[in-house]
S.K.: 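Here it is, the structure, as structure tokens.
Only heavy atoms go into these numbers, but all of them, side chains included; no hydrogens, no water, no symmetry mates. Please read these numbers as outputs of a predicted model, since none were measured by experiment.
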Amino acid sequence: MGDFLVSSKEEVDSPDISCVKPVDLNDFIDGDGKIYGYQGLKINVWINSISLHSYADITYQSTTNGDKGITDLKSALQNIFAETIVDNKEEFLQTFSTQRDFIRNMVSDGVVMQSGATDGSSNNAEVVSADLQVIRMQIGSPNAGLLYSRLVPLVLLFVDGSNPIDVTDPDWHLYLLIEKKEDKEDPLYRIVGFTAIYKFFRYPDRLRMRLSQILVLPSFQGKGLGTYLMEVVNNVAVAENVYDLTVEEPSEKFQHIRTCVDINRLLTFDPIKPAIDSAVQTLTKGKLSKRAQIPRFTPPLNAIEKVRESLKINKKHFLNCWEILIYLALDPIDKYMEDYTSVITNHVRSDILGKDIETPKKQVVDVPSEYEPETSFVVFKSLNGEEGNTNVQVDENKPDQEQQLKQLVDERIREIKLVAEKVSKVCPKA
């Protein structure tokens with residue numbers, strides 16, 4: 001199934017409009033998740049980015065009513081698009097005019113959190129124009145609930161592994177990235193991205209923010225708008241003095257963007273500079289890799305607390321950023337790379353095993369694997385709002401444990417280098 005985002009009826013069926021993302025419709029089929037009875041089946045779905053209505057153009061060469069019957073494609077599409085899908089193409093084309101003001105009307109009771117570039121932004125001043133706004137809406141309001149119901153198909157199609165949020169829970173907030181274009185009539189509003197944030201209580205008297213979903217529509221990706229939206233959310237967290245900001249199961253791409261944003265914030269955060277200098281001074285004394293025990297090289301507790309209180313960066317994420325801050329401060333990095341890799345190796349082993357790095361035993365988590373009969377490391381999902389962290393029982397007799405550890409360390413070093421290469425220039429676009 002091909003999906004096409006269009007903003008005018010002239011773009012529908014235009015050869016100049018590219019498919020934004022092929023989708024496997026089988027993932028949304030009830031029963032055994034397979035389509036039966038069609039030969040030469042082709043499905044193109046057009047999505048109106050102005051009103052968020054959709055229309056499915058279904059073609060096929062023939063049908064055969066076999067043992068499994070003929071799959072009800074309309075039901076499968078409704079599992080994704082619900083009431084937003086329009087049966088008649090002419091009716092769909094009319095939504096570009098009849099529903100022209102849908103977004104503008106829906107966000108009319110929202111709060112404008114940002115217009116144009118953010119203050120002190122690392123890079124978005126060049127890519128964020130004055131016609132962009134971030135508007136916050138409480139999900140319990142009638143307009144926000146209706147608007148989000150039309151966003152659900154985009155969540156299902158474009159946010160991997162995500163499920164719709166509870167539109168009856170007023171602790172959810174939508175942060176909508178809106179493009180506002182002047183027109184001969186009234187200004188034309190359309191959504192180019194959004195994020196869903198949940199606020200929850202932390203004893204005794206603070207609130208925390210958890211970012212659950214974030215999406216920049218495919219047509220607008222590669223322009224720095226994901227970075228921009230993340231910066232706005234960070235600014236809100238600081239302005240409203242929440243306890244901290246966490247992210248629920250971030251994708252690799254988003255985690256990369258988030259880390260670049262926060263590294264740039266941390267590089268200008270003076271209170272932690274003495275701690276970074278101290279860590280670098282210890283590391284550059286040399287030959288850590290030859291020691292029986294290697295220092296932890298984690299930030300002092302007062303630095304963790306200052307970062308959380310001032311920047312709202314939670315502890316788990318700051319520990320990851322800390323490794324990059326040390327990498328950036330080592331000069332020349334090639335001279336100290338062996339010792340730095342030893343530090344990262346110990347951090348990775350500690351993260352996996354939930355034990356201090358100085359522990360002499362070599363240990364690995366034993367879990368079934370569908371790929372190999374041997375075991376591999378495990379990452380658990382946390383239930384308390386923090387990103388993954390775990391303590392586990394281990395089996396210390398696996399012959400490939402050091403190879404597994406090396407692979408994880410190599411991957412972590414690769415991530416660190418990617419961020420380090422970009423933060424001193426421009427944060428990655430999303």
S.K.: Identify, with sequence neighbours excluded, every residue that meets side chain to side chain donor-acceptor pair (under 3.5 Å) alongside Y327.
M.R.: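 Y327: no side chain to side chain donor-acceptor pair (under 3.5 Å) contacts found.
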S.K.: For P170, is there any backbone N or O sitting under 3.5 Å from a side-chain donor or acceptor partner on Q138?
M.R.: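 Judged by distance alone, yes, a pair lies under 3.5 Å.
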S.K.: For F201, is the CZ atom crowded, meaning more than 12 foreign heavy atoms sit under 6.0 Å from it?
M.R.: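 Yes.
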S.K.: Considering only NZ, NE, NH1 and NH2 on the basic side and carboxylate oxygens on the acidic side, decide whether R258 and E252 come within less than 4.0 Å.
M.R.: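 No, no charged N to carboxylate O under 4.0 Å.
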S.K.: Regarding K312 and D244, does a basic nitrogen lie under 4.0 Å from an acidic carboxylate oxygen?
M.R.: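 So K312 does not pair with D244 through a salt bridge.
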S.K.: With a 4.5 Å heavy-atom cut-off, do L328 and I276 have their side chains touching?
M.R.: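 Result no, sub-4.5 Å side-chain heavy-atom pair not found.
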S.K.: Is the NZ or CZ atom of R308 positioned over Y243's six-membered ring, under 6.0 angstrom from the centre and within 45° of the axis?
M.R.: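 The answer is yes; both the distance and angle limits are met.
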S.K.: What pairs meet the salt bridge (Lys or Arg N to Asp or Glu O under 4.0 Å) rule with one or both residues in residues 100-114, with sequence neighbours excluded?
M.R.: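 Non-adjacent pairs meeting salt bridge (Lys or Arg N to Asp or Glu O under 4.0 Å): R100-D183, D101-R104, R104-D186.
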S.K.: Counting only N and O atoms by type, is there a donor-acceptor contact under 3.5 Å from the side chain of Y148 to the main-chain atoms of I165?
M.R.: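 Yes; judged by distance alone, with no hydrogens or angles, the pair exists.
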S.K.: So, the side chain of N314 versus the backbone of L245: is there a donor-acceptor pair under 3.5 Å, distance only?
M.R.: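 A pair under 3.5 Å: yes.
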S.K.: For D72, give me all partners under side chain to side chain donor-acceptor pair (under 3.5 Å), at least two apart in sequence or on another chain.
M.R.: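 Residues passing side chain to side chain donor-acceptor pair (under 3.5 Å) with D72: none at all.
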S.K.: Does S162 have any side chain to side chain donor-acceptor pair (under 3.5 Å) partners at least two apart in sequence or in another chain, and if so, which?
M.R.: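 Checked S162 against side chain to side chain donor-acceptor pair (under 3.5 Å); matches are Q213.
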S.K.: Got a sec, which residues hit salt bridge (Lys or Arg N to Asp or Glu O under 4.0 Å) with D67, two or more places apart in sequence or on another chain?
M.R.: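 Partners of D67 by the salt bridge (Lys or Arg N to Asp or Glu O under 4.0 Å) criterion come out as none, since no residue qualifies.
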S.K.: Applying salt bridge (Lys or Arg N to Asp or Glu O under 4.0 Å), can you list everything that pairs with K199, at least two apart in sequence or on another chain?
M.R.: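 So K199 forms a salt bridge (Lys or Arg N to Asp or Glu O under 4.0 Å) with E240.
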S.K.: Once salt bridge (Lys or Arg N to Asp or Glu O under 4.0 Å) is applied, do any residues pair with R412, and if so which ones, sequence neighbours excluded?
M.R.: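 Scan of R412 (salt bridge (Lys or Arg N to Asp or Glu O under 4.0 Å), adjacent residues dropped) gives E323, E415.
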S.K.: Is the ring centre of Y198 less than 6.0 Å from the ring centre of W172?
M.R.: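 Yes - the distance between ring centres of Y198 and W172 falls below the 6.0 Å cut-off.
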S.K.: So which pairs with a foot in residues 9-20 pass salt bridge (Lys or Arg N to Asp or Glu O under 4.0 Å), sequence neighbours left out?
M.R.: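 Passing the test, one end in residues 9-20: D13-K89.
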S.K.: D32: what forms a side chain to side chain donor-acceptor pair (under 3.5 Å) with it, not counting sequence neighbours?
M.R.: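 Only Y36 meet the side chain to side chain donor-acceptor pair (under 3.5 Å) criterion with D32.
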S.K.: If the threshold is 4.0 Å, N to carboxylate O, is there a salt bridge linking K406 and D410?
M.R.: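 Between D410 and K406 there is a salt bridge, with a charged N closer than 4.0 Å to a carboxylate O.
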S.K.: Considering residues at least two apart in sequence or located in another chain, which fulfil the side chain to side chain contact (heavy atoms under 4.5 Å, CB included) criterion with N163?
M.R.: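 Partners of N163 by the side chain to side chain contact (heavy atoms under 4.5 Å, CB included) criterion come out as none, since no residue qualifies.
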S.K.: Report, as yes or no, whether the 6.0 Å neighbourhood of atom CD on Q39 holds more than 12 heavy atoms from other residues, nucleotides or ligands.
M.R.: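 Enclosed.
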S.K.: Applying salt bridge (Lys or Arg N to Asp or Glu O under 4.0 Å), can you list everything that pairs with D169, at least two apart in sequence or on another chain?
M.R.: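 Listed in chain order: nothing, the list is empty.
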S.K.: What are the two closest heavy atoms between A279 and W322, and how far apart are they?
M.R.: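 Looks like CB-CZ2, 4.1 Å.
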S.K.: Less than 4.5 Å apart, side chain to side chain, heavy atoms only: is that true for F28 and L77?
M.R.: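 With C-beta onward as the side chain, the pair stays apart.
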S.K.: Validate the cation-pi geometry between R210 and F200: distance from NZ or CZ to the six-membered ring centre under 6.0 Å, angle to the ring axis within 45°.
M.R.: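 R210 over F200 ring: yes.
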S.K.: Scan for salt bridge (Lys or Arg N to Asp or Glu O under 4.0 Å) pairs involving residues 141-155, sequence neighbours excluded, and state none if there are none.
M.R.: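 Residue pairs passing salt bridge (Lys or Arg N to Asp or Glu O under 4.0 Å), neighbours aside: none found.
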